[in-house]
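Below: the structure, in structure tokens.
The first residue of the sequence shown is numbered 1, and numbering continues consecutively from there. Note that these values count all heavy atoms, side chains included, but never hydrogens, waters or copies made by symmetry.
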Amino acid sequence: MNYNLAHFITSAPDIRQMPDDIGIEVAFAGRSNAGKSSALNTLTRQKTLARTSKTPGRTQLINVFELAENKRIIDLPGYGYAKVPEDMKKNWQKALGEYLQKRESLKGLVVLMDIRHPFKDSDQDLIYWAVDSNLPVLCLLTKADKLKQGLRKTTLKRMREEAKTFEGDVEVEAFSSTKGIGLEKLMIKLNQWYCPAIEDAEPELKDAE
């Protein structure tokens, strides 16, 4: 997949206003300060594809980006931090739940978490939700450059062990938008979801942390 070709299609408050439920979608989700927009911009090599803000929680809609015909990236609203009215938070939660449970084209979920504060309750709730829906999950431990290499390795190993408790298809990788850590592994996983027929042909990467 050529992620550089990603372009904005639409923003929707709920699944009823999204594109037709056909093809393949991969959704990105995370707490409002997890670096989701930066990760999307790094993946697509576009500085402004996804908005970054000094005020976490500004994204209130489901943002849809097209990679190729019937292949889309979904940028879900941030959760867990935004200082917004309670009614708005409930609306976000409802839209997120409908999308995860009812969207047939959804084939994978990327959950982004600050490596210094991984697996918060809201992150775990989302992952359990995905596992219950038989949806594969890739957990990206973002801002990995903030830790020295030894601590980064230790944290990654510990989080991989913790991820086993979800008893589902849940993988964990370290990631840094600024240093490119984990970018290749992210792309390989996305390729497997978008092009499942060639999954077996993808090379296996050894940990290079």
Quick one: CD on Glu184 to CD1 on Ile188, what's the gap to the nearest 0.5 Å?
5.0 Å
For residues Arg160 and Glu173, determine if any side-chain heavy atom of one lies less than 4.5 Å from a side-chain heavy atom of the other.
yes
Show the nearest heavy-atom pair for residues Leu135 and Lys107, with the distance to one decimal.
CD1-C, 3.6 Å
Ile181 side, atom CD1; Leu141 side, atom CG - distance, nearest 0.5 Å:
11.0 Å
Evaluate the side-chain proximity of Lys71 to Cys195: yes if any heavy-atom separation is below 4.5 Å, no if none is.
yes
Those residues that, when tested against Ser11, pass side-chain hydrogen bond (donor to acceptor under 3.5 Å, both in side chains) (two or more places apart)
Asn63
Any side-chain heavy-atom pair of Ile73 and Leu49 under 4.5 Å:
no
With a 4.0 Å cut-off on N to O distance, would you call Asp123 and Arg31 a salt bridge?
no
Between Val110 and Leu190, what is the shortest heavy-atom contact and its length?
CG2-CD2, 4.2 Å
Is the shortest side-chain heavy-atom distance between Met159 and Leu156 below 4.5 Å?
no
Interatomic spacing from CD1 in Ile22 to CD in Glu25 - rounded to 0.5 Å:
10.0 Å
Side-chain heavy atoms of Ile9 within contact of Arg72, under 4.5 Å
no
If you define the side chain from C-beta out and look only at heavy atoms, does anything of Phe8 sit under 4.5 Å from Gln46?
no
Side-chain contact, heavy-atom cut-off 4.5 Å: Leu183 with Met187?
yes
So CG of Leu106 and CD1 of Ile74: to nearest 0.5 Å the spacing works out to 8.0 Å
Pairing residues for Lys164 by the side-chain hydrogen bond (donor to acceptor under 3.5 Å, both in side chains) criterion, not counting sequence neighbours
Glu161
Just wondering, more than 12 heavy atoms not from Asn2 lying within 6.0 Å of its CG?
yes
Using the ring pair (Phe, Tyr, Trp, His ring centres under 6.0 Å) rule, collect all pairs that involve residues 143-179, keeping only residues at least two apart or in two chains.
Phe119-Phe166, Tyr128-Phe166
Do Asn191 and Tyr3 make a side-chain contact, defined as non-hydrogen atoms from C-beta onward lying under 4.5 Å apart?
yes
Least distance between heavy atoms, Ala39 atom then Leu112 atom:
CB-CD2, 3.5 Å
For Cys139 versus Met113, what's the shortest heavy-atom pair and its separation?
CB-CE, 3.5 Å
I need the Ile62 CD1 to Met18 CE distance, nearest 0.5 Å.
5.5 Å
Same cluster for Leu5 and Phe65 if Ile/Leu/Val/Met/Phe/Trp/Tyr side chains link at under 4.5 Å?
no
What distance separates Ile115 CD1 from Thr142 OG1, expressed to the nearest 0.5 Å?
8.0 Å
Checking Leu138 against Val26 for the side-chain contact (heavy atoms from CB on, under 4.5 Å) test, could you report, in this order, the C-alpha distance in whole Å, the side-chain angles of both residues, the deciding distance, and whether it holds?
CA-CA 11 Å; Leu138 174 62; Val26 174; over 6 Å; no
What's the shortest heavy-atom distance between Ser105 and Asp21, and which atoms?
OG-OD1, 2.7 Å
So, for Tyr194 and Ile24, which heavy atoms are closest and what is the spacing to 0.1 Å?
O-CD1, 3.2 Å
